[in-house]
Amino acid sequence: MAFQRRRYNYYNRLRRLLPLICGFSGALLILFALLSVFSPPPDDSDRRISKQQINYGVNDEKKHVAVVVFRVPRSGGRLDRDIWRSWNAQLFYGCCNASTKFPNAKAITRSDRYLAIATSGGLNQQRTGIVDAVVAARILNATLVIPKLDQKSYWKDASDFSHIFQVDWFISFLSKDVKIIEQLPPKRGRTWSPSRMRVPRKCNEKCYINRVLPVLQKRHAVQLNKFDYRLSNKLRDDLQKLRCRVNYHALKFTDPILKMGNELVRRMRSRSKHYIALHLRFEPDMLAFSGCYYGGGDKEKKELGSIRRRWKTLHVNNPEKQRRQGRCPLTPEEVGLMLRALGYGSDVHIYVASGEVYGGEESLAPLKALFPHFYSKDTIATKEELEPFSSYSSRMAALDFLVCDESDVFVTNNNGNMARILAGRRRYFGHKPTIRPNAKKLYKLFLSKENTTWEEFASRVRTFQKGFMGEPKEVRAGRGEFHENPSTCICEAKAKEGGMDSRKLGKKNKKEGDEPKEDEDAEWSSDYEEDQTDLHDRGLYNGTRLDYEDMSSDEPELEEMLSD
């Protein structure tokens, strides 16, 4: 009985507690319901985003993008500088006339000395050889034979000098500097075969006198083979100015090339007052040789690896290290983001000089989204118009050269021969803006862009690009490749205000904060020159070698494939 009484009391107490438990549980449920309704959604910044979403501002009115981490505006924004001109460019001009101490060719040319050269590589690499051949002939007091163009290399272009350049103009313009003939005269009634030899790269005046002159005095006719970059960057001023007379005045393209090239320029101008020319250099061969990796997984590694095996002597590079040291071309998207950060809006027209782009339209899509006005010679000219040139790589390259040279802004994604020659030419003819990405510093910025605002990103791009924009005095005289920095041939006009030089005038006219202070200016100049020194010491920029002496002869010529 006692047990039954205790069990009855237990159930009685439980029955009285049950309504309290149910009431408390119901209150908790109501509280959770209210919290779920009225509490704010989780902050987007707390979410881990596996793939960055970028809005390029093409369809701003659409709200279909749920999360925008990095929003790129349609406009380039308001800047305190003219994005189409270099600062103080009007105070600098090309000057390459010979001095009174430079004797006429008739007075110094020996009648028994003939110098011939055989160039190598693509159009612009051959151009450097032609320019330096004229100077070499002058050093040797020899008559120069019209240079032979490379017809057997990777490019497989059967063009000779007269198909690319105006021969009569070349001979007549340089008549006071060097005697030039179209071919060797016969020797004793028979064709004269010159003695063949090679000179070291960057051979100076003394080198030519010691190495070539003795052979020339004995054989009377010498042909220098593989003639590219066979002349020193550092020569006396009169010889440097002769280089400039050849490069910027004596070498004129033939009338058919000029006519078609000028028509392409006219069509770009008819679309917009200003245009940018971009030498993209994002071809499969370029990327394979550089050893760079762009996140394409096993497919990319397999495709570029198979191309890379063409060059047996190439060692395996660390792709991450290559990118970190600025030796990889920027992707089309990265080029577009850099340009937008520098102030160029989506209304800007771009002409792209490029071969086959790795990844095709998929790679180009982000660049086209940023700059919808996107053109190439194939889109602004018909197949019929390009037919006389399309079978000849050098003539097609000449058309791109003309359109790039006439552009308001030229952007190079690789410091190859075309980029260097155009950079020097644009400096000589008024310092037209020439942008080369500071790839070493931009690399980290591109990696971390999803964690920053557009304003901060753009500000840092503009800071990193100081000294890489083709401005006057960007590089100290005598530094770098002469074809890129022809400082001997650029003169400075004195400003009218109290005889100030251009640098002081620039500081006086600038608003506070527009341009760097003097110590910052020196830092940017040092940054550029450090980059240049590193490239020349290593023989590399964005994966392109400048010296190929160590390559075995049974492989395709790397400088031919990648020179332009």
**Asked** Taking the inter-plane angle between the rings of Phe457 and Phe446 on a 0 to 90° scale, is it parallel (under 30°), tilted (30 to 60°) or perpendicular (over 60°)?
**Response** tilted

**Request:** Quick one: do Leu337 and Val72 satisfy side-chain contact (heavy atoms from CB on, under 4.5 Å)? Show the steps, please.
**Result:** CA-CA 8 Å; Leu337 290 173; Val72 184; 3.8 Å; yes

**4.5 Å side-chain heavy-atom contact, Val409 and Leu339** = no

**Message:** Ignoring hydrogens and geometry beyond distance, is a side-chain donor-acceptor pair present between Glu303 and Tyr358 at under 3.5 Å?
**Reply:** yes

**Request:** Please report the shortest heavy-atom distance between Ala398 and Phe253, naming the atom on each side.
**Result:** CB-CE2, 3.7 Å

**Item:** Any donor-acceptor N/O pair, Arg427 side chain to Pro472 backbone, under 3.5 Å
**Value:** no

**Asked** Does the cation-pi check pass for Lys301 over Tyr293, that is, NZ or CZ under 6.0 Å from the six-membered ring centre and within 45° of its axis?
**Response** yes

**Request:** Could you check if a side-chain atom of Thr379 sits within less than 4.5 angstrom of a side-chain atom of Ser376, using non-hydrogen atoms only?
**Result:** yes

**Request:** Provide the closest heavy-atom pair for Val265 versus Leu402 in the form atom of the first, atom of the second, distance.
**Result:** CG2-O, 4.1 Å

**Message:** If we ignore hydrogens and angles and just use 3.5 Å, is the side chain of Thr128 paired with the main-chain N or O of Gln125 as donor and acceptor?
**Reply:** yes

**Request:** Without swapping roles, check the side chain of Glu474 against the backbone of Met469 for a donor-acceptor pair under 3.5 Å.
**Result:** yes

**Asked** Do the side-chain sulfurs (SG) of Cys328 and Cys292 come closer than 2.5 Å?
**Response** yes

**Message:** If I take atom CE from residue Met260 and atom CG from residue Asp255, how far apart are they, to the nearest 0.5 angstrom?
**Reply:** 14.5 Å

**Message:** Please evaluate residues Leu386 and Leu399 with respect to the criterion side-chain contact (heavy atoms from CB on, under 4.5 Å), reporting the C-alpha separation (whole Å), side-chain torsions for both, the decisive distance (0.1 Å), and the verdict.
**Reply:** CA-CA 10 Å; Leu386 295 176; Leu399 296 180; 4.0 Å; yes

**Prompt:** For the atom pair CG (Asn415) and NE2 (His279), what is the distance rounded to the nearest 0.5 Å?
**Reply:** 11.0 Å

**Asked** Does the Cys489 SG fall under 2.5 Å from that of Cys95?
**Response** no

**Prompt:** Is there a donor-acceptor contact under 3.5 Å from the side chain of Gln322 to the main chain of Asn318?
**Reply:** no

**Prompt:** When you check the gap from the basic side-chain N to the acidic O, do Lys368 and Glu361 get nearer than 4.0 Å?
**Reply:** yes

**Heavy-atom closest contact (Ser393 atom, Asp157 atom, distance)** = N-OD2, 3.1 Å

**Complete:** Output for pair (Leu442 CG, Lys449 NZ), nearest 0.5 Å, gives 11.5 Å

**Request:** For the pair Lys302 and Glu300, find out whether any cationic side-chain nitrogen is under 4.0 Å from an anionic carboxylate oxygen.
**Result:** no

**Point-to-point distance, once rounded to the nearest 0.5 Å, from NZ of Lys259 to CG of Leu264** = 12.5 Å

**Item:** Sub-4.5 Å side-chain heavy-atom contact between Phe410 and Asp405
**Value:** no

**Asked** Is the closest side-chain donor-acceptor distance between Arg127 and Asn247 under 3.5 Å?
**Response** yes

**Message:** Between Asn413 and Leu330 (side chain of the first, backbone of the second, donor and acceptor by atom type, cut-off under 3.5 Å), is there such a pair?
**Reply:** yes

**Request:** Take His274 and Met268, measure what side-chain contact (heavy atoms from CB on, under 4.5 Å) needs, and give me the verdict at the end.
**Result:** CA-CA 8 Å; His274 301 291; Met268 287 301 298; over 6 Å; no

**Prompt:** With a 3.5 Å cut-off and no angle check, do the side chains of Tyr351 and Glu406 form a donor-acceptor pair?
**Reply:** no

**Asked** With side chains defined as the heavy atoms from C-beta onward, is the minimum distance between Val352 and Leu364 less than 4.5 Å?
**Response** no

**Asked** Taking it one step at a time, do Gln465 and Asn438 satisfy side-chain hydrogen bond (donor to acceptor under 3.5 Å, both in side chains)?
**Response** CA-CA 6 Å; Gln465 283 301 122; Asn438 185 353; 5.4 Å; no

**Message:** Treating Arg460 as the side-chain partner and Leu445 as the backbone partner, does any N or O pair qualify as donor plus acceptor under 3.5 Å?
**Reply:** no

**Request:** Using the side-chain contact (heavy atoms from CB on, under 4.5 Å) rule, take Tyr294 and Thr331 through it: C-alpha gap first, then chi angles, then the decisive distance, then the call.
**Result:** CA-CA 8 Å; Tyr294 293 92; Thr331 66; 3.4 Å; yes

**Request:** Would you mind reporting whether Glu492 and Lys473 have side-chain heavy atoms less than 4.5 Å apart?
**Result:** yes

**Asked** Any donor and acceptor pair, going by atom type alone, linking the side chain of Asn262 with main-chain N or O of Leu258 inside 3.5 Å?
**Response** yes

**Request:** Grab the two heavy atoms, one from Asp400 and one from Ser354, that are nearest each other, plus how far apart they are.
**Result:** OD2-N, 4.4 Å

**Prompt:** Between Arg267 and Glu263, is the closest basic N to carboxylate O distance under 4.0 Å?
**Reply:** yes

**Message:** So does Lys440 get a backbone contact from the side chain of Gln325, meaning a donor-acceptor N/O pair under 3.5 Å?
**Reply:** no

**Prompt:** Going by heavy atoms in the side chains, are Gln151 and Asp160 under 4.5 Å from each other?
**Reply:** yes

**Prompt:** Does Glu471 come within less than 4.0 Å of Lys466, counting only side-chain N to carboxylate O?
**Reply:** no

**Item:** Euclidean distance, Asp378 CG relative to Ser390 OG, rounded to 0.5 Å
**Value:** 9.5 Å

**Residue pair Tyr93 / Ala493: nearest heavy atoms and the distance that separates them** = CE2-N, 4.0 Å

**Asked** Do the side-chain N and O atoms of Thr434 and Arg426 include a donor-acceptor pair separated by under 3.5 angstrom?
**Response** yes

**Message:** Looking at Phe371, I'd like to know if the NZ or CZ of Arg340 sits under 6.0 Å from its six-membered ring centre while staying within 45 degrees of the ring's axis.
**Reply:** yes

**Separation of Leu304 CG from Lys299 NZ (nearest 0.5 Å)** = 11.0 Å

**Request:** Kindly indicate whether the side chain of Met418, heavy atoms from C-beta on, has any atom under 4.5 Å from the side chain of Arg281.
**Result:** no

**Pair Tyr428-His249, ring-ring contact (aromatic ring centres under 6.0 Å, His included): steps then yes or no** = CA-CA 11 Å; Tyr428 181 83; His249 300 284; 5.6 Å; yes

**Ring center gap for Trp84 and Tyr275 short of 6.0 angstrom** = no

**Message:** Does Glu385, at its CD atom, have more than 12 non-hydrogen atoms belonging to other residues, nucleotides or ligands within less than 6.0 Å?
**Reply:** yes

**Complete:** Taking every heavy atom of Asp150 against every heavy atom of Ser120, the minimum-distance pair comes out as OD2-CA, 3.4 Å

**Message:** Check whether Tyr248 forms a cation-pi arrangement with Arg425 (NZ or CZ under 6.0 Å from the six-membered ring centre, at most 45° off the ring normal).
**Reply:** no

**Asked** Is Arg395 positioned over the aromatic face of Tyr392, cation under 6.0 angstrom from the ring centre and no more than 45 degrees off axis?
**Response** yes

**Message:** With a 3.5 Å distance limit and no angle check, can you tell me whether Arg269 reaches the backbone of Lys273 through a side-chain donor-acceptor pair?
**Reply:** yes

**Message:** For the backbone of Glu456 and the side chain of Ser459, can you confirm whether one donor and one acceptor N or O come within less than 3.5 Å of each other?
**Reply:** no

**Asked** Hey, does Gln126 have a side-chain heavy atom less than 4.5 Å from the side chain of Asp228?
**Response** no

**Prompt:** In terms of the angle between their ring planes, are His373 and Tyr375 parallel, tilted or perpendicular, with boundaries placed at 30° and 60°?
**Reply:** parallel

